[in-house]
Amino acid sequence: MSAAGEPVSIRVLDREYTVGVGPDEREALMQAAKLLDTRMREVRGANRMAAVDRVAVLAALNLAHELQQLRNESDQRERELSRLLDELQRKLDGALPATEPAG
């Protein structure tokens, strides 16, 4: 999301915001705004009098926690993939006959 670009209006928790984005970022921004709106409504629940800033911080904290979990899972998968590739490379090295360079 950039400061310049096409102005796009989004609604989050019944408030409208205008954000400048590049044409290729518009759809992602709309999806992000919808996700944030949904999470803020979940946090607010039936308490319509909850302070918007508190609702926003709690929703952001929940989203940040989910993001961190996904990053941790991704890192773990990457380490496992690297380990498996190293193991495969060792097996291939052991299965292929050693060749001497022609000289």
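Atom set for the values below is all heavy atoms of this structure, side chains included, hydrogens, waters and symmetry mates excluded. Model, not experiment: these values are computed from the prediction.
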Exercise. What is the minimum heavy-atom distance between Met40 and Ala59, and which atoms define it?
Worked result: CG-CB, 3.6 Å
For this session: Please report the closest heavy-atom contact between Ser9 and Thr18, naming both atoms and the distance.
Result: OG-OG1, 3.5 Å
Exercise. Under the 3.5 angstrom rule, does the side chain of Thr38 hit a backbone N or O of Lys34 as a donor-acceptor pair?
Worked result: yes
Exercise. Would you say the side-chain atoms of Arg44 pair up with the backbone N or O of Asn47, donor to acceptor, closer than 3.5 Å?
Worked result: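 Not a single qualifying donor-acceptor pair exists.
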Is any side-chain heavy atom of [X] closer than 4.5 Å to a side-chain heavy atom of [Y]?
X	Y	result
Leu88	Leu92	yes
Met30	Val8	yes
Val43	Arg54	no
Val21	Glu27	no

For this session: Could you go through the side chain to side chain donor-acceptor pair (under 3.5 Å) check for Asn72 and Gln68 one step at a time?
Result: CA-CA 6 Å; Asn72 292 345; Gln68 188 60 50; 3.0 Å; yes
Exercise. Any Lys/Arg nitrogen of Glu80 or Arg83 sitting under 4.0 Å from an Asp/Glu carboxylate oxygen of the other?
Worked result: yes
Exercise. With a 4.0 Å cut-off, would you call Arg90 and Asp86 a salt bridge?
Worked result: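 Salt bridge: no.
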To the closest 0.5 Å, what do you measure between [atom1] ([X]) and [atom2] ([Y])?
X	Y	atom1	atom2	value
Leu58	Glu42	CG	CD	12.5 Å
Leu96	Lys91	CG	NZ	14.0 Å
Arg26	Ile10	CZ	CD1	11.0 Å
Ser82	Glu87	OG	CD	11.5 Å

Problem set entry | Pair Asp37-Arg41, salt bridge (Lys or Arg N to Asp or Glu O under 4.0 Å): steps then yes or no | CA-CA 6 Å; Asp37 182 65; Arg41 288 178 189 283; 2.9 Å; yes
Exercise. How about Gln69: does its CD atom have over 12 heavy atoms from other parts shown lying under 6.0 Å from it?
Worked result: yes
For this session: Spell out, yes or no, whether Leu36 and Tyr17 are grouped together once hydrophobic residues are joined by side-chain heavy atoms under 4.5 Å, including indirect joins.
Result: yes
Exercise. Are Val12 and Leu35 linked, directly or through other ILVMFWY residues, by side chains that come within less than 4.5 angstrom of each other?
Worked result: yes
Exercise. Looking at residues at least two apart in the chain, or sitting in another chain, which of them share a side-chain hydrogen bond (donor to acceptor under 3.5 Å, both in side chains) with Arg39?
Worked result: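 Checked Arg39 against side-chain hydrogen bond (donor to acceptor under 3.5 Å, both in side chains); matches are Glu66.
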